[in-house]
Amino acid sequence: MSKRGGFPGGMGGFGGMNMNNLMKQAKKMQEDMEKSQAELASKDFEATAGGGAISVKVSGEKVIKEIKIQKDVVDPDDVEMLEDLILTCVNEALRKVDSAQADQLGKFNIPGFM
């Protein structure tokens, strides 16, 4: 019979791992993840389309910061092409953010997280 209740032989199913160490590791991982997320949020990602005719800059928080369009790509008779170039460029910039997030946060190897 144990004196104070609890688990016989220590922490039982934790393989002898000290609960305080586990909590410290979890806290450090959380701090590292927050730091990584802040670093990503502060970065800008750029993409171009149409051979550089369109360029888009997006923040790591997926906020469009800038769209540049070369004058020679603006054709009033072919607005649809311009729209397609803009969509392609914006989607590529957002894909770069997603890819950077997956690379950065994937290193934490948390099952089911990414």
Side-chain angles (χ1 to χ4, degrees):
M1 181 184 224
S2 68
K3 296 178 184 176
R4 303 175 77 187
F7 299 104
M11 292 303 290
F14 289 103
M17 180 177 277
N18 183 330
M19 192 63 149
N20 286 334
N21 285 343
L22 186 62
M23 294 302 289
K24 285 178 186 177
Q25 288 175 350
K27 182 174 168 70
K28 180 171 179 0
M29 183 182 288
Q30 180 181 8
E31 289 169 355
D32 290 347
M33 286 178 66
E34 288 172 359
K35 181 180 175 187
S36 292
Q37 288 173 328
E39 287 174 5
L40 281 171
S42 69
K43 289 183 180 179
D44 288 337
F45 297 84
E46 289 191 55
T48 61
I54 307 281
S55 67
V56 173
K57 186 185 292 186
V58 178
S59 75
E61 295 177 311
K62 296 185 179 181
V63 174
I64 297 172
K65 296 176 80 174
E66 181 177 90
I67 297 176
K68 290 189 177 184
I69 302 171
Q70 299 295 319
K71 290 181 182 182
D72 59 334
V73 78
V74 179
D75 180 358
D77 295 327
D78 196 3
V79 173
E80 193 173 294
M81 180 202 58
L82 181 58
E83 292 170 342
D84 289 343
L85 287 173
I86 293 170
L87 281 174
T88 299
C89 197
V90 169
N91 286 330
E92 176 62 16
L94 294 175
R95 189 201 59 73
K96 286 182 178 184
V97 175
D98 288 341
S99 178
Q101 286 175 337
D103 289 347
Q104 189 76 5
L105 300 178
K107 70 183 177 187
F108 293 106
N109 197 20
I110 301 171
F113 183 67
M114 293 294 283

Apply the test side chain to side chain contact (heavy atoms under 4.5 Å, CB included) to residues Leu94 and Ile64: give CA-CA distance (whole Å), side-chain angles for both, the deciding distance (0.1 Å), then the verdict.
CA-CA 9 Å; Leu94 294 175; Ile64 297 172; 5.6 Å; no

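Counting only heavy atoms from C-beta outward, the side chains of Leu82 and Val73 approach each other to under 4.5 Å. You'll find the side chain of Lys43 stays beyond 4.5 Å of the side chain of Val97, heavy atoms only. Taking the side chain as every heavy atom from C-beta outward, Thr48 and Glu92 never approach each other to under 4.5 Å.
In terms of heavy atoms, Asn20 sits closest to Asn18 at N-OD1, 2.7 Å. Residues Gly52 and Gln70 share a closest heavy-atom pair of O-CG, 3.8 Å. Cys89 and Ala47 make their closest contact through SG-O, 3.0 Å (heavy atoms, listed as atom of the first residue, atom of the second, distance).
With values rounded to the nearest 0.5 angstrom, Asp75 atom CG is found 12.0 Å from Glu80 atom CD. Between atom CG of residue Asp98 and atom CG of residue Asp103 there is a gap of 11.0 Å, rounded to the nearest 0.5 Å. With values rounded to the nearest 0.5 angstrom, Asp44 atom CG is found 10.5 Å from Glu61 atom CD. Of the inter-residue distances, the one linking Leu85 atom CG with Ser55 atom OG reads 11.5 Å to the nearest 0.5 angstrom.
Residue-environment remark: CD (Glu31) exceeds the threshold of 12 foreign heavy atoms within 6.0 Å.
In this structure a side-chain-to-backbone donor-acceptor pair under 3.5 Å is present from Lys96 to Glu46. In this structure, Ser36 contributes its side chain and Asp32 its backbone to a donor-acceptor pair below 3.5 Å.
Note: the hydrophobic cluster containing Met81 also contains Ile69 (ILVMFWY, side chain heavy atoms under 4.5 Å, direct or indirect links). Note: the hydrophobic cluster containing Ile67 also contains Val74 (ILVMFWY, side chain heavy atoms under 4.5 Å, direct or indirect links). Linking ILVMFWY side-chain heavy atoms closer than 4.5 Å, directly or via other members, places Leu87 and Ile54 in two distinct hydrophobic clusters.
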